[in-house]
There are 2 protein chains.
Amino acid sequence: MTRSDAVEKRASPTVKRTKPKWGNPQTIEDQHRSKREALFLTAARAFNEAGFHNTTLDDIAARLHVAKPTLYYYVKNKDDILLECHRLAFAHMQDAIEETKRSSQTGMEKAHTFLLAYMELVCNPFGQCIIRTGLQPLTPQSRAKLLPIARRINASLQEIIRQGVDDGSIRECDIKLTTNAILGCFNSVAFWYNEGGTLKPADITLKYMDLFLDGLSP
Amino acid sequence: MTRSDAVEKRASPTVKRTKPKWGNPQTIEDQHRSKREALFLTAARAFNEAGFHNTTLDDIAARLHVAKPTLYYYVKNKDDILLECHRLAFAHMQDAIEETKRSSQTGMEKAHTFLLAYMELVCNPFGQCIIRTGLQPLTPQSRAKLLPIARRINASLQEIIRQGVDDGSIRECDIKLTTNAILGCFNSVAFWYNEGGTLKPADITLKYMDLFLDGLSP
DNA sequence: CCACTAAATGACTCTTAAGTCGATGACTCT
DNA sequence: AGAGTCATCGACTTAAGAGTCATTTAGTGG
């Protein structure tokens, strides 16, 4: 690679550093953070397209028009990248879980709120990364950090359905199995959802809810 | 490893060769085939437990009490192993597809037959391997061989549901979306199914069918 | 203009695991 | 017993890709 290439590479997506005045040091930290986020988003997209193990750090660096060692300025290692992608995805659900916990809706209504949030998770690059890449490539330590979060999501939906059965908004059913069925069904959207398409997460949620509510019997 | 260890290793699961008389050469070929099958089953189990990329050929060889180069006597390379695992799994579905094609049942009834077979696929080690490992680790060439088969399964279920809607045994619905929902839901069983448990594939199928047929409305 | 820090990189090292090869033991048939 | 396979393995090569480090460049504040 020639000298001028390198310069051109660095020029394109790298945000120009703005004056890190002592009075307003926020600016430079923001820059660092926004570059980190760009790194994760780019990595997640790459993982989703080619798979975690088929994506090298050189690939990710190339997408960012940067050399591999630069990544290590923002991130500890490859495992760390995936871990953070998962964390960012889960953060999105955290709010939805809290919201349904606080609200005084029926189980059915809560299920709708919760599942809409979940579908949005599953359709965004970080969520797709969770579903498609999974926890397997992570080190056992990183996996141990994420497993409780994943379990909490499952437990929250179980809780919601149980409440629904109690308040009569959902019919009697095997709660664990039903939860697994619904989540499995929603997860699978990560494999065919297309960001550019006309079908938006909210649309899919409605159609799936309809299917799960009224069933296929004529 | 000492000399005697090696001998002991070879002794245990390796079937003793039986006389490959010229008059009955079948015997020795069977032996070769059964060892190949053992290899694939062992590999599939290993992939399911640790993931494809976390499973080395040495791991698989160790499980078979054999040295790595021995594997290459039965198999071209690692890609070949995974490809064959997927092939073996799909073969199971082939029969079910043909059967539903030939039969004169209603769409609903065909769906039941088909989905029972599919659930059995998903719960057996090779099927789990398809779902959990996926096609991503395969070379593009191998992937190209399997993709049409996967599509055929999806298309077959679509066909069945379409017929069900036509003959009135299934209510009007978005056929593609419904197919994806059902298959996604069934696929996810591969992640929690436990061979030793009391819940058998047929039981899960019934419960899931019930859910999809009658829905969750009270 | 100079010292300082943030950011980036070229050119390495190191490890892991896939795949190869020649030699050897086991069994059968004549 | 000797020839001829089948099956197996120890020891090796090779490639890829993660991670490191010393160095350079660019922008900033005094």
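Convention: sequence-line order gives letters A, B, ...; per-chain numbering from 1.
Between B/D30 and B/R33 there is a salt bridge, since a side-chain N of the basic residue sits under 4.0 Å from a carboxylate O of the acidic one. One finds no salt bridge joining A/K101 and A/E98 here, because no Lys/Arg side-chain nitrogen approaches an Asp/Glu carboxylate oxygen to under 4.0 Å. Taking 4.0 Å as the cut-off between side-chain N and carboxylate O, B/K110 and B/E159 do not count as a salt-bridged pair.
Summarising the geometry, the separation between CG on A/L71 and P on C/dA6 is reported as 19 Å, rounded to the nearest angstrom. Distance, A/Q31 CD to C/dA8 C1': 14 Å, rounded to whole Å. Going from atom CD1 of B/I81 over to atom C1' of C/dA18 covers 11 Å, rounded to whole Å. Separating the CG atom of A/N54 from the P atom of D/dG17 is a distance of 9 Å, rounded to the nearest angstrom. In this entry the distance linking NE2 of B/H32 with C1' of C/dC27 reads 16 Å, nearest Å. Rounded to an integer number of Å, the gap from B/Y74 OH to D/dC9 C1' is 13 Å. We find that OH of B/Y73 is positioned 19 Å from P of C/dT24, with the value rounded to whole Å.
The ring of B/F90 has its center no closer than 6.0 angstrom to the ring center of B/F126.
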Please set out all donor-acceptor pairs under 3.5 angstrom arising from side-chain atoms of residues 147-154 of chain A, sequence neighbours excluded.
residue : atom : partner : partner atom : Å
A/N154  : OD1  : A/Q158  : NE2          : 2.9
A/N154  : ND2  : A/N180  : OD1          : 3.3

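Pairing analysis of DNA chain C (Watson-Crick: purine N1 to pyrimidine N3 plus N6-O4 or O6-N4; G-U wobble: N1-O2 and O6-N3; both under 3.5 Å) yields stems of 3 or more pairs at C:1-30 with D:1-30.
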Margin query: Go through it in stages, so that I can follow the logic: the residues are B/H32 and B/Y74, the test is ring pair (Phe, Tyr, Trp, His ring centres under 6.0 Å), and I'd like the CA-CA distance, side-chain angles, deciding distance and then a yes or no.
Written below: CA-CA 8 Å; B/H32 192 267; B/Y74 293 94; 4.8 Å; yes

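Contacts classified as side chain to side chain donor-acceptor pair (under 3.5 Å) and involving residues 82-91 of chain A (residues at least two apart or in different chains) are given here: A/E84-A/R87.
With sequence neighbours left out, the side chain to side chain donor-acceptor pair (under 3.5 Å) criterion links A/E49 to A/R63.
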So which protein nitrogen or oxygen atoms get under 3.5 Å of nucleotides 18-21 of chain D's nitrogens or oxygens?
residue : atom : partner : partner atom : Å
D/dA18  : OP1  : A/K78   : NZ           : 3.1
D/dA18  : OP2  : A/L57   : N            : 2.9
D/dA18  : N7   : A/K68   : NZ           : 3.0
D/dG19  : OP2  : A/Y72   : OH           : 3.2
D/dG19  : OP2  : A/K78   : N            : 3.0
D/dG19  : O5'  : A/Y72   : OH           : 3.4
D/dG19  : N7   : A/K68   : NZ           : 3.1
D/dG19  : O6   : A/K68   : NZ           : 3.0

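DNA chain D lies under 4.0 Å from no heavy atom of any residue of residues 135-146 of chain B.
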